[in-house]
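For reference, the structure is listed below as structure tokens.
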Amino acid sequence: MTVRTRFAPSPTGYLHIGGVRTALFNWLFARAHGGQFLLRVDDTDQERNVDAALRPILDGFRWLGLDWDEGPEIGGSHGPYYQSQRNDKYQAAVSALLASGAAYRDFATTEEIQAEREAAQTAGGQFTYSRRWLAETKQDAAKFIAEGRQSVVRLKMPRTGELVHNDLIREEVRFPWSNEQDHVIQRADSTCLYHLASVVDDHEMQISHVIRAEEHLSNTPRQIFIARSLGYPLPEYAHLPYVAEPGSKNKLSKRKLDKYLKNKDFAQLKAHGERIAERMRLAVDADVFNPVIVDFYQAIGFLPEAILNYLLLLGWSLDDKTEEFSREEMIEHFSLERVNKAPASFDPQKLVAFQDRAMQKLPIKQKVAKVLPFLQAAGYIENPPPCDTGPYLSQICEAAGDRIKIAGDILDYDDFFVADDQLIYEEKTLDKRLRSREQAPQILAEFRDRLAIVEHFEAATLEETLKAFVAEKEIKIGDIVHAVRVAITGKAVGFGLFETLAILGRERSLARIDRALQLVK
RNA sequence: GGCCCCUUCGUCUAGUGGUUAGGACACCGGCCUUUCACGCCGGCAACGCGGGUUCGAGCCCCGCAGGGGUCACCA
């Protein structure tokens, strides 16, 4: 049997991190079994512009490298892949269900159903629809229509016995049929509902494994009922635990974006992102610029592999120690058997830790490539970049060491990209390192003259020069290092001083020191 | 409330009858050091509760408690 899995996003305008986890597991399972992964658009209830609302989602998938074998934009042999375009198939299924007696036309009004429900509730019992507006024959129907009633189609669910079903993750689960309602599968306006559509599509698209979040577990009985009634072979079901809010066991919801910002770690991550966005003069749309949404990470320069690696471990593990997985290793090792049953909280800090590690491992050349678009977006480098950009950025990334944790962090080191006379000095640092120390400007001036005559303006020789200077003047190394740093970068913190000097070169270093000296005079 | 699911450090988890209950993130010390990062060393910290079964239970059984999901002419 060919393994075929699917992810069915509804076009909401953004890709939710919990959704990505579900998609990832589907994708991994398909890839691990040499099968296909498809995307199907759940737009049965959409009125707005589906294309516009779908684009960020597809972009997110592409960015993460979760490629789909069939679906929007690429098509496939089981299309169309938009539920809004598959209505004929749903109608046919409804007719078949009606014909076999597995479903019926119901002429009750919403109010009447509601009244029954409330009556059952006050009686303390469980609601079971009386089916008194059920129309079995044309005559019944005609009578109701004459009264001006409209009809929906309901499933005629069993009311005795139980469904025993084997879930790939939950194992055996049992549902008493008496607990099920006669769910509506077709609205009064004759459009069909999600559960019907989903079952029909899964069957027609030959989905072998339905891997979805736990919140669908209790929807499974009605779907199995539909599938059975239609004579479909059942797919395997695997219900993943949902992703929970940080520090709680509530389901991470797309509707509570604001709430999560109250979480300290979340807020901190967002603030970091905002700092980067601000430097690029990027409009920060509150709806999307949020760590629950994948766009956020893309916008500020996270690595897709870091996100995938983190999400993989949210509810799945290989053993007691392996944490890092390349894409290939994920595919090689992933299995549904090792998926956890309990919900897992989304932990922004741990995601960041994976990002840090992934960034550390990134070769300089690739780091340069990641960082460049941010410098261009901020207006520091032209597009296309001048030919000396590569070597210059390589030096900077090399000197940066592990300081650039997110590609957008490069913008913290704007001092390498502004003209000497445009450099902005932190007043506080100028005060602390130069103005408040009587001897500091003098010492800096003297060291400046040494720099002017140093033979090789390279990190190693610069360090020798400075050490010699310190020994000769009988000062502490800190007395000069910090003064030089603020003079050439305007900041209190930065890369190694000697590397910084070397990158800037003699001319620019001297110009900046001179300017700083002017400023503190 | 009915039904269903879940329960090991703060968080992600390993663990399938005998372990000093392991790892990771976070946190707290210390070291390194020209700042900031990185790195290194060390530390804190968990089997929800109660009954069984067993020589022995985090692991098996039964209760309880807690948490969550779901109960739409939403998806």
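Here is the naming used below: chain letters follow the sequence lines, and residue numbers restart at 1 for every chain. Worth saying up front: this structure is predicted, and the values here are computed from it rather than measured.
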Check every strand shown and say whether A:H195 touches a base, only sugar-phosphate, or nothing at a heavy-atom separation below 4.0 Å. base
Should we say atom NZ of A:K249 is surrounded by more than 12 heavy atoms from elsewhere, each under 6.0 Å from it? yes
Selected nucleotide, minimal atom distance to A:N219 side chain, candidates B:C6, B:A75, B:C5: B:A75
Give me each pair satisfying salt bridge (Lys or Arg N to Asp or Glu O under 4.0 Å) with a member in residues 237-246 of chain A, each pair once, sequence neighbours excluded. A:E245-A:K256, A:E245-A:K259
A:F325 and A:W316 aromatic centres sub-6.0 Å: yes
Side-chain donor-acceptor pairs under 3.5 Å in residues 482-496 of chain A, sequence neighbours left out?
from: A:H482; atom 1: ND1; to: A:G478; atom 2: O; distance (Å): 3.1
from: A:R485; atom 1: NH2; to: A:F495; atom 2: O; distance (Å): 2.7
from: A:T489; atom 1: OG1; to: A:R485; atom 2: O; distance (Å): 2.8
from: A:T489; atom 1: OG1; to: A:K491; atom 2: N; distance (Å): 3.1
from: A:T489; atom 1: OG1; to: A:K491; atom 2: O; distance (Å): 3.4
from: A:K491; atom 1: NZ; to: A:D414; atom 2: OD1; distance (Å): 2.7
from: A:K491; atom 1: NZ; to: A:D415; atom 2: OD1; distance (Å): 2.8

Say you pick atom P in B:G23 and the same atom in B:G42; how far apart are they, in whole Å? 11 Å
Quick note, A:E323 side chain, CB onward, closest among B:A24, B:C73, B:C5 is B:A24
For B:C71 versus B:C12, give the span between their P atoms, rounded off to a whole number of Å. 25 Å
Pick the C1' atom in B:G50 and in B:A72, then give their distance to the nearest Å. 41 Å
Rounded distance in Å between the C1' positions of B:U7 and B:A46: 12 Å
Closest to the A:T110 side chain, choosing from B:C73, B:C6, B:U11: B:C73
Say you pick atom P in B:U19 and the same atom in B:C5; how far apart are they, in whole Å? 32 Å
Taking any heavy-atom pair under 4.0 Å as a contact, classify A:A342: base, sugar-phosphate, or nothing. sugar-phosphate
Using atom types as modelled and distance alone, determine if a side-chain donor or acceptor of A:E329 lies under 3.5 Å from a backbone N or O of A:S326. yes
Contact class for A:H216 (heavy atom, under 4.0 Å): base, sugar-phosphate, or nothing? base
Taking only side-chain N and O atoms of A:R338, does any of them lie within less than 4.0 angstrom of OP1 or OP2 on B:G15? yes
Side chain of A:Y242 only, please: which of B:G68, B:C12, B:G2 is the nearest? B:G68
Taking for each residue the nucleotide of RNA chain B with the nearest heavy atom, is it A:E214 or A:K249 whose nucleotide lies nearer the 5' end? A:E214
What's A:R357 touching, base or sugar-phosphate or nothing? Going by heavy atoms closer than 4.0 Å. sugar-phosphate
Phosphate oxygens OP1/OP2 of B:G2: is one of them under 4.0 Å from a side-chain N or O of A:N179? no
If the cut-off is 4.0 Å, is A:K251 near the phosphate of B:U70, judged by side-chain N/O to OP1 or OP2? yes
Distance in angstrom units between A:R117 CZ and B:C71 C1', rounded: 8 Å
Nucleotide opposite B:G39 in a Watson-Crick or G-U pair, distances under 3.5 Å: B:C31
Minimum-distance nucleotide to A:L217 side chain [options: B:A75, B:C6, B:C5]: B:C5
Gap between atoms NZ and P, on A:K341 and B:G58 respectively (whole Å): 20 Å
May I ask you to establish whether A:R21 and A:F25 are in a cation-pi arrangement, using a distance under 6.0 Å from NZ or CZ to the six-membered ring centre and at most 45° from the ring axis? yes
Whole-Å gap separating P (B:A24) and CG (A:D320): 11 Å
Which is true for A:V184 with a 4.0 Å heavy-atom rule: it touches a base, it touches only sugar-phosphate, or it touches nothing? sugar-phosphate
Rounding to an integer number of angstrom, what distance separates B:G67 and B:U11 when you compare their P atoms? 15 Å
Quick one: are the ring centres of A:F175 and A:F225 less than 6.0 Å apart? no
A:S218 side chain: which of B:U70, B:C73, B:C12 is closest? B:U70
Suppose you measure atom P in B:A57 against the same atom in B:A37; what distance do you get, rounded to whole Å? 49 Å
Could you check A:L314 against A:R170 and say which one's nearest nucleotide on RNA chain B is further toward the 5' end? A:R170
Does A:R131 make a cation-pi contact with A:Y129 (under 6.0 Å, within 45 degrees of the axis)? no
If you check the A:N340 side chain, which of B:G69, B:U13, B:C3 turns out closest? B:U13
When you measure from the side chain of A:S317, which nucleotide among B:G69, B:A24, B:A14 comes out closest? B:A14
Reading nucleotides 30-47 of chain B from 5' to 3' and marking B where a protein heavy atom lies under 4.0 Å of the base, S where only the sugar-phosphate is that close, and - otherwise, the string is ----BBBSSS--------
